[in-house]
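This report refers to the structure that appears directly beneath it.
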Amino acid sequence: MAKNCPFTVEDLQCPVCRQVFNIPVTLSCKHSFCKTCIQTHWSCTGTRQCPLCRRTERSSRPPFDLTLKVATDVFKKKPEQFMVKSVELCSIHNEELKLFCRKDAELICVVCTSSRGHKNHEYCPIAEATLDIMKELTTRYNPLKNHLTTYEKLKESLEELEAYIQKQAAETAAEVKQEYEKLYTVLREEEAARLMVLQNERDSKTAVVREKLEEVNKSIEELSDIVNYIEPIVIADDLTFLKECKEAIKRTNCTVPEPEYPTRLLIDVSQYLGSLKHRVWKRMESDVSYCSVNFDPNTAHPNLIIRDELTTITYGKKQQLPDNPERCTGHMTVLAASGFNSGKQRWDVEVAHSKEWYIGVARMSINRKTAVFPRPTEGFWVIAYNKESYWAQTSPRTRLTLKKKPQIITVELDYDRGKVSFSNAADGASIYTFKDKFTERIFPYFAIGINEGNTLRICAL
């Protein structure tokens, strides 16, 4: 190669056709090809990938490489200035490897085509084989690459899910401890109050006994004085006895009350131990509430904040939650934790603090990831309030006329009869009734609008 020539013969050959460049273009990855060869390759593979490094080219029209074009023109005129590319030779015939045997998948020379080892085999030029095999390999490679991408995303999601499970378990444990601490507080207060009453009873009854004991001691002292005075006189001689009898009789002339054992001074044990657990439970009953329906956090939209023992939802700042299959992301929706496939159920929903709401029931198989109109054909039996109007989400939806604006709405599900009824909890006035046939598990359904502070609450029974 000439001293001033920066290219070898190999540098001026297209990797696809193995010929000197004809209109050379250079990709962003710095690999160069004939314009026609790269366009043909892309048409065959259906992708804009570099045949050498597989990097995807952003432009469908890679730029013309003027430097390579000039070098190619010089080579065509003065090839002696360029170092000749070393060729790979056949190990058997010492000829240049120019062909590819499709049956044996080997590079062969021209002499090999008539040899015993490759006779009657199908073969073709290297460039043609490269394009054909590249097309087949790409057809097999692309689905695997897509699968790899899918698995990598799934791996990332599962790692996030694992971390969230730990966080969710820790937060749930903290809330459980907090709720139990409230119960412990009630129990401790009840215990302290009961022991205080017991202590007061003990002190008051002890005081009565001590007062009685003082009276008895005083009587004992007085009687002892009399007995001690009379006892020597009784055993004295007649003369002494008669001298002292007058005083002795005088001292016996005193009023002594009959000894009386006090009653009802023992501790009323039954008051403290009789049906103790039942009475404590009745005491706690006034401090706890029960809801037949609770929200399921694993189905809640990330913008829904759930609190108050899973009975209240509020629209708020979006939370980082896993996009598990059960989660509803199409609407600001949450389902109840339990579904029903028979019998009658009833629950009350406070709607007074929401400017937009949707309540009712939905099938377990509803589309949870995309926004769909919540109507019976999609698996929803829902009434709604938005833009100061009430609606039954039928198809088309039905405007409802209410005499009073309800604060709490009663939802009644009769699964076996296929009925979902809505009424005003305050006066029992009917709002709307859906009639249909249920064929799968039905879940209570709740949704609110995207207004800060919108709130729905399930009322205690």
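For the single chain, residues carry numbers from 1 onward in sequence order.
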Testing [options] one by one against [X] for a side chain to side chain contact (heavy atoms under 4.5 Å, CB included), which residue passes?
| X | options | result |
| --- | --- | --- |
| Val16 | Ile38, Leu131, Thr130 | Leu131 |
| Ile359 | Ile458, Ile448, Val382, Ile383 | Ile383 |
| Cys291 | Thr311, Leu310, Asp308, Asp348 | Thr311 |

Side-chain contact, heavy-atom cut-off 4.5 Å: Phe446 with Leu335? no
List the residues meeting side-chain hydrogen bond (donor to acceptor under 3.5 Å, both in side chains) with Arg346, not counting sequence neighbours, and say none if there are none. none
Between [Y] and [X], do the side chains contain a donor N or O and an acceptor N or O under 3.5 Å apart?
| X | Y | answer |
| --- | --- | --- |
| Asn298 | Gln168 | yes |
| Ser423 | Ser430 | no |
| His353 | Asn454 | no |
| Glu388 | Tyr390 | no |

Glu57: which residues meet the salt bridge (Lys or Arg N to Asp or Glu O under 4.0 Å) condition with it, sequence neighbours left out? none
Here the gap from Leu148 atom CG to Asn146 atom CG, rounded to the nearest 0.5 Å, amounts to 9.5 Å
N-O pairing of Asp323 and Lys369 below 4.0 Å: yes
Salt-bridge criterion met for Lys355 and Glu452 (N-O under 4.0 Å): no
So, Arg375 side chain and Pro396 main chain: donor-acceptor pair closer than 3.5 Å or not? no
Test Phe340 against Tyr415 for ring-ring contact (aromatic ring centres under 6.0 Å, His included), laying out the working first. CA-CA 8 Å; Phe340 312 107; Tyr415 187 99; 8.8 Å; no
